[in-house]
Engineer: 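Quick one: this structure, given as structure tokens, is what I'll be asking you about.
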Amino acid sequence: MSYEAFAYYYDSLMDQEFYNDYIQFINKHVKKYQTVLELGCGTGEIAIRLAHLGKNVCATDISKDMLEVAKYKCIDFKADVMLSRVDMCDFAVDTKLDLILCLCDSLNYVTNLKDVKNVFQNTYDALKKDGTFIFDVDSMYKMEKILANYDEENDDEDFYFHWHVDHLEKGSVKHSVEIIDKVNQERVYEEHLQKTFDIEIYRDLLEKVGFKEIEVYSDFNEYNEECERNIFVCKKG
């Protein structure tokens with residue numbers, strides 16, 4: 001399920017410094033790049049930062065609402081970003097790219113392996129020789145230990161927020177998010193399914209579509225099994 005009305009509240013719940021950390025990580029692992037495609041761009045935070053660095057960025061998402069938010073942010077921040085509605089499981093490009101990104105657990109919304117492989121194949125085909133694909137997924141540790149039956153609630157004068165997570169099966173969860181905007185008299189409720197697979201399953205699929213150099217990091221650092229996020233840096237040989 002793609003984000004709908006929740007898209008308009010998404011940024012208020014995110015740590016902006018996290019995006020700056022991601023830009024540092026990208027620039028550390030990819031020395032030379034100019035053309036960038038972002039899959040699952042959300043509200044455009046990464047894309048806007050890359051555009052401000054002078055990169056040619058196409059930012060895509062399957063959610064019309066996320067893209068609507070991203071459009072107005074690009075205007076506000078004077079960022080030259082091409083925005084497009086794209087299904088990451090089914091896309092192709094006319095011109096090969098230096099870098100493709102799929103960040104902030106976007107790939108976890110692809111919940112079956114056939115579609116995950118399609119994402120990897122589409123990405124491989126869209127990259128230049130020596131191009132780079134960087135994506136992240138929530139770790140199995142996060143799915144099984146941190147998010148299992150997680151519950152968070154906040155209620156203040158202007159805003160009510162409730163986030164509950166149901167554990168469904170190994171690596172699979174359902175997020176239930178409720179927001180009540182007391183100022184604008186609006187209630188938002190959405191459910192989202194996410195699934196993660198073992199690292200070796202992702203690695204095997206990446207190798208099957210052609211990626212040769214695959215490195216895995218944890219929360220921007222060396223790999224650690226007890227982490228929240230696994231980040232893959234994949235080179236097309």
Side-chain angles (χ1 to χ4, degrees), residues 1-3 6-7 10 13-15 18-19 21-22 25-26 29 38-43 45-46 60-63 66 86-91 100-124 132-152 163-177 190-209 211 213-235:
M1 177 180 177
S2 63
Y3 286 90
F6 180 51
Y10 185 84
L13 302 171
M14 294 295 291
D15 179 5
F18 171 76
Y19 301 114
D21 291 340
Y22 238 129
F25 180 88
I26 292 166
H29 292 278
E38 185 177 8
L39 304 171
C41 70
T43 64
E45 287 289 335
I46 296 291
T60 71
D61 205 287
I62 200 169
S63 166
M66 283 291 195
V86 167
D87 182 347
M88 69 176 74
C89 300
D90 183 19
F91 77 92
I100 297 179
L101 305 171
C102 185
L103 309 177
C104 304
D105 66 31
S106 294
L107 192 66
N108 288 122
Y109 292 94
V110 182
T111 57
N112 72 75
L113 285 175
K114 180 181 178 181
D115 286 339
V116 172
K117 186 178 181 182
N118 287 340
V119 175
F120 291 167
Q121 186 67 66
N122 297 338
T123 300
Y124 184 87
T132 305
F133 176 35
I134 298 178
F135 73 93
D136 71 39
V137 288
D138 282 346
S139 67
M140 191 63 72
Y141 176 81
K142 180 177 180 179
M143 290 292 200
E144 295 297 302
K145 301 295 184 182
I146 299 175
L147 286 182
N149 301 312
Y150 180 85
D151 196 87
E152 179 182 342
W163 172 27
H164 180 76
V165 184
D166 291 304
H167 182 265
L168 304 179
E169 59 183 18
K170 181 184 176 182
S172 182
V173 297
K174 181 180 76 173
H175 300 268
S176 302
V177 179
E190 292 183 14
E191 294 182 350
H192 298 269
L193 297 178
Q194 285 191 312
K195 185 170 179 64
T196 203
F197 300 94
D198 291 323
I199 284 178
E200 290 310 313
I201 292 177
Y202 287 115
R203 187 186 295 275
D204 181 60
L205 291 178
L206 289 162
E207 290 175 347
K208 282 181 178 176
V209 304
F211 286 103
E213 299 178 39
I214 303 166
E215 299 289 341
V216 184
Y217 300 86
S218 299
D219 300 328
F220 306 120
N221 300 306
E222 292 184 5
Y223 177 69
N224 177 359
E225 188 172 298
E226 293 188 0
C227 65
E228 291 195 28
R229 177 176 287 99
N230 293 319
I231 308 171
F232 289 71
V233 179
C234 315
K235 300 286 186 179

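These values consider heavy atoms only, across backbone and side chains, with no hydrogens, waters or symmetry-generated copies.
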Engineer: Have Tyr202 and Asn230 got a donor and an acceptor in their side chains that come within less than 3.5 Å?
Structural biologist: no
Engineer: Could you list the residues that satisfy side-chain contact (heavy atoms from CB on, under 4.5 Å) with Ser172, not counting sequence neighbours?
Structural biologist: Leu168, Glu169, Lys195
Engineer: So Phe135 and Leu206, side chain to side chain contact (heavy atoms under 4.5 Å, CB included) or not? Walk me through it.
Structural biologist: CA-CA 11 Å; Phe135 73 93; Leu206 289 162; 3.9 Å; yes
Engineer: Does His164 have any ring-ring contact (aromatic ring centres under 6.0 Å, His included) partners at least two apart in sequence or in another chain, and if so, which?
Structural biologist: none
Engineer: Which residues pass the side chain to side chain donor-acceptor pair (under 3.5 Å) test with Tyr141, not counting sequence neighbours?
Structural biologist: none
Engineer: Kindly write out the residues that satisfy salt bridge (charged side-chain N to carboxylate O under 4.0 Å, His left out) with Asp204, not counting sequence neighbours, or none if the list is empty.
Structural biologist: Lys208
Engineer: Going by salt bridge (charged side-chain N to carboxylate O under 4.0 Å, His left out), name the pairs with one or both residues in residues 142-151, residues two or more places apart or in two chains.
Structural biologist: Asp138-Lys142, Lys142-Glu228
Engineer: Who are the salt bridge (charged side-chain N to carboxylate O under 4.0 Å, His left out) partners of Asp198, not counting sequence neighbours?
Structural biologist: Lys170
Engineer: Ring pair (Phe, Tyr, Trp, His ring centres under 6.0 Å) for Tyr124 and Phe133? Distances and angles first, verdict last.
Structural biologist: CA-CA 8 Å; Tyr124 184 87; Phe133 176 35; over 10 Å; no
Engineer: Taking salt bridge (charged side-chain N to carboxylate O under 4.0 Å, His left out) as the definition, give me every residue that meets it alongside Glu222, ordered by chain and number, with sequence neighbours left out.
Structural biologist: none
Engineer: For Lys235, what residues pass the side-chain contact (heavy atoms from CB on, under 4.5 Å) criterion, not counting sequence neighbours?
Structural biologist: Thr132, Glu213
Engineer: Apply the test side chain to side chain contact (heavy atoms under 4.5 Å, CB included) to residues Tyr217 and His29: give CA-CA distance (whole Å), side-chain angles for both, the deciding distance (0.1 Å), then the verdict.
Structural biologist: CA-CA 11 Å; Tyr217 300 86; His29 292 278; 3.2 Å; yes
Engineer: Say whether Gln194 and His192, considering side chains only, have a donor N or O and an acceptor N or O under 3.5 Å apart.
Structural biologist: no
Engineer: Name all residues meeting the side chain to side chain donor-acceptor pair (under 3.5 Å) criterion together with Asp21; count only those two or more places apart in sequence or in a different chain, and write none if there are none.
Structural biologist: none
Engineer: Using the side-chain contact (heavy atoms from CB on, under 4.5 Å) criterion, which residues pair with Ser106? Sequence neighbours excluded.
Structural biologist: Met88, Cys102
Engineer: For Gln121, check side chain to side chain donor-acceptor pair (under 3.5 Å) against everything at least two apart and list the hits.
Structural biologist: Asp125
Engineer: Sequence neighbours excluded, which residues qualify as side chain to side chain donor-acceptor pair (under 3.5 Å) partners of Glu152?
Structural biologist: Tyr150
